[in-house]
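These values consider heavy atoms only, across backbone and side chains, with no hydrogens, waters or symmetry-generated copies. Only a predicted model underlies this, so the values are computations on that prediction, with no experimental measurement involved.
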Amino acid sequence: MGQVIKRSGKRQIFSAAKIRRSIQKTARKAKLSPVKTKQLVKEVGDAVIKAYKGKRLVKSTVLRRSILGRLKRKSRAAASVWRRHKKKK
């Protein structure tokens, strides 16, 4: 299983559930319907997980950019919420 390198340099085990949960929370905050939320989690989450799950190491910033890019193509509202949330961290 791969690892994610956080901005602090700390390493964490890659978690598909964490990516899906993050996208789901973003979609809810963007006030998307439950059907659209589920679709977004499946399309965006699964694509990102498939792309990075097999990697030994991946930077969290690369994951965030990948998720944001996919969110922009699927839902501008969710992408906007994602950007606002990630700026706070």
Side-chain angles (χ1 to χ4, degrees):
M1 182 71 58
Q3 291 187 333
V4 176
I5 303 171
K6 307 296 259 178
R7 286 188 279 187
S8 67
K10 183 179 170 185
R11 292 180 184 205
Q12 202 174 56
I13 293 175
F14 182 90
S15 170
K18 192 172 179 180
I19 289 173
R20 287 187 183 104
R21 212 172 28 251
S22 179
I23 295 167
Q24 188 174 33
K25 285 181 184 179
T26 297
R28 264 193 257 127
K29 286 182 181 180
K31 296 181 177 23
L32 299 182
S33 72
V35 172
K36 181 69 174 173
T37 297
K38 188 175 181 178
Q39 180 183 10
L40 198 64
V41 169
K42 180 162 179 46
E43 291 176 4
V44 174
D46 289 355
V48 170
I49 291 163
K50 184 179 178 184
Y52 295 103
K53 192 171 187 175
K55 306 280 187 205
R56 282 190 47 200
L57 292 174
V58 62
K59 290 184 176 184
S60 62
T61 54
V62 171
L63 280 174
R64 279 195 301 275
R65 275 194 305 252
S66 181
I67 292 168
L68 179 59
R70 286 173 169 83
L71 282 175
K72 280 182 184 177
R73 290 191 294 270
K74 300 291 181 183
S75 170
R76 290 201 178 265
S80 177
V81 169
W82 180 271
R83 270 193 305 272
R84 279 195 307 260
H85 174 71
K86 295 304 172 186
K87 282 183 180 178
K88 291 179 183 178
K89 286 189 172 185

Same hydrophobic cluster for V58 and V44, using side-chain heavy-atom links shorter than 4.5 Å among ILVMFWY?
-> yes

Can you hop from L63 to I5 via hydrophobic side chains spaced under 4.5 Å?
-> no

Report yes if the side chains of [X] and [Y] come closer than 4.5 Å at any heavy-atom pair, otherwise no.
| X | Y | answer |
| --- | --- | --- |
| T26 | L32 | no |
| D46 | R20 | yes |
| R83 | K72 | yes |
| Y52 | V4 | no |
| R70 | E43 | no |

At their closest point, which heavy atom of [X] faces which heavy atom of [Y], and how far apart are they?
| X | Y | value |
| --- | --- | --- |
| S60 | R7 | OG-N, 3.7 Å |
| I19 | G45 | CG2-CA, 4.4 Å |
| K74 | L40 | CB-CD1, 3.4 Å |
| I49 | A16 | CD1-CB, 3.6 Å |

Spatial distance of atom [atom1] ([X]) from atom [atom2] ([Y]) [nearest 0.5 Å]:
| X | Y | atom1 | atom2 | answer |
| --- | --- | --- | --- | --- |
| R73 | L68 | CZ | CG | 10.0 Å |
| Q3 | K55 | CD | NZ | 15.5 Å |
| K25 | K29 | NZ | NZ | 7.5 Å |

Tell me, please, which residues at least two apart from K36 pass side chain to side chain donor-acceptor pair (under 3.5 Å).
-> none

When you check the side-chain N and O atoms of R84 and S80, is any donor under 3.5 Å from an acceptor?
-> yes

